[in-house]
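Each chain gets a letter, A, B and so on, in the order the sequences are listed, and its residues count up from 1.
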There are 2 protein chains.
Amino acid sequence: MASDRPYSSIIERLKNAGLRPTRQRLALAKLLFEKGNRHLTAEHLHGEASAANVRISLATVYNALHQFTAAGLLREVVVEPGRSYFDTNVEEHHHFYREDTCGLEDIPGEHLQVGDLPAPPAGTSVTRVDVVIRVKSDQGST
Amino acid sequence: MASDRPYSSIIERLKNAGLRPTRQRLALAKLLFEKGNRHLTAEHLHGEASAANVRISLATVYNALHQFTAAGLLREVVVEPGRSYFDTNVEEHHHFYREDTCGLEDIPGEHLQVGDLPAPPAGTSVTRVDVVIRVKSDQGST
DNA sequence: TTATTTTCTAGAATCGTTCTAAGCTATTGA
DNA sequence: TCAATAGCTTAGAACGATTCTAGAAAATAA
């Protein structure tokens, strides 16, 4: 059985981020954070909400995703023009991107080290280093 | 004075790529490849063409950019949702991306090595590894 | 409760990009 | 040279993802 306060930690996370724990944000947070690491687009999450009988407008999904991202609860990943993915894993890590299926996967953090980082342009400092390993299915796939 | 055959090498490049050297494609290739390494969006290139008194439709700019990319003359770089950059440098290299000005810069190839590449998901093989170092201007900038 | 502020919503608007159908243009081969 | 033909360009419509708008609803504060 689940705890009798299944939302309490999510409510805390939202409050700490300065966001009111509204019905919509709770529902989205639940979908996002209670299933392990996920990589979702806004449309996709909106679809999941509908499937879970949570009526919510697409605009609200976009708002929530950006607010969660600003609060550090999500991370936005850009791998394709015209579509944003939101990653529930905010630890330092990188991605595989399957060009044929448009699927994103985390690369475990221990792997992949980026060395010999050059100095950033004068007057700037690094905010993040993104590595995307693009892959495609092998030819003779069944 | 310029050579008396200023287009000949560009014409060859287009022909080798199976593209007719039309007026529009020549003009775009000239803008793209005769100014060192560049990172341009379609809109930006269209603007440059207009500024150079080359009348060309935006659709043609998009077509040409994609054809050049398919031919290996350009490389597409995705760093921001909703906008594609095309890079005239097709050698293996990576990028700085200035989040505040939306500017893209090459990182010289000798720098930055990615080590300990994990094996790609079963049934797939790597097509490319993209590294983007995101930077922002320092606070007290004048 | 009531007042205040924030949030949500549907739908319109916007953005970059792609599509369409028609008219041009480069190339080919008589 | 001259059509014939295949490929290219075009303006404008269409598109998909995202953002905006203005008013209604809900959360918090007093």
**Complete:** Contacts of A:Ala64 and A:Pro81 projected onto DNA chain C by closest heavy atom; the upstream (5') one is A:Ala64

**Prompt:** For DNA chain C, what residues of residues 41-53 of chain A have any heavy atom nearer than 4.0 Å?
**Reply:** none

**Item:** side-chain N/O B:Arg25 vs C:dT25 OP1/OP2, d < 4.0 Å
**Value:** no

**Message:** Is it the case that the side chains of B:Ser84 and B:Glu76 hold a donor-acceptor pair, with the cut-off being a distance below 3.5 Å and no angle test?
**Reply:** yes

**Request:** Mind listing the closest non-hydrogen atom pair of A:Ser125 and B:Asp138 along with its distance?
**Result:** OG-OD1, 2.9 Å

**Straight-line distance of A:Arg75 CZ to A:Arg128 CZ, nearest 0.5 Å** = 4.0 Å

**Asked** Do the side-chain N and O atoms of B:His94 and B:Asp130 include a donor-acceptor pair separated by under 3.5 angstrom?
**Response** no

**Message:** Any side-chain N or O of B:Thr60 below 4.0 angstrom from OP1/OP2 of D:dT9?
**Reply:** no

**Item:** Terminal axes of the helix from C:dT1-D:dA30 to C:dA30-D:dT1 (five pairs each): angle between them, nearest 10 degrees
**Value:** 20°

**Request:** Take the protein atom CG of B:Leu65 and the nucleotide atom P of C:dT17, then report the distance between them rounded to whole Å.
**Result:** 9 Å

**Message:** In terms of relative ring orientation, are B:His93 and B:His95 parallel, tilted or perpendicular, with 30° and 60° separating the classes?
**Reply:** perpendicular

**Prompt:** Do any N or O atoms from the side chain of A:Arg25 and from the backbone of A:Phe68 form a donor-acceptor pair under 3.5 angstrom?
**Reply:** no

**Message:** Could you check whether any side-chain heavy atom of B:Phe96 comes within less than 4.5 Å of a side-chain heavy atom of A:Thr124, counting everything from C-beta outward?
**Reply:** no

**Asked** Would A:Arg38 and A:Asp87 pass as an ion pair if we require N to O under 4.0 Å?
**Response** no

**Message:** Generate the contact string for nucleotides 19-30 of chain D. Rules: B means base contact, S means sugar-phosphate contact only, - means no protein heavy atom under 4.0 Å.
**Reply:** BB------BS--

**Prompt:** For the atom pair CD (B:Gln67) and CG (B:Leu74), what is the distance rounded to the nearest 0.5 Å?
**Reply:** 11.0 Å

**Test item: side-chain donor near acceptor, B:Asp106 and B:His39, under 3.5 Å** = yes

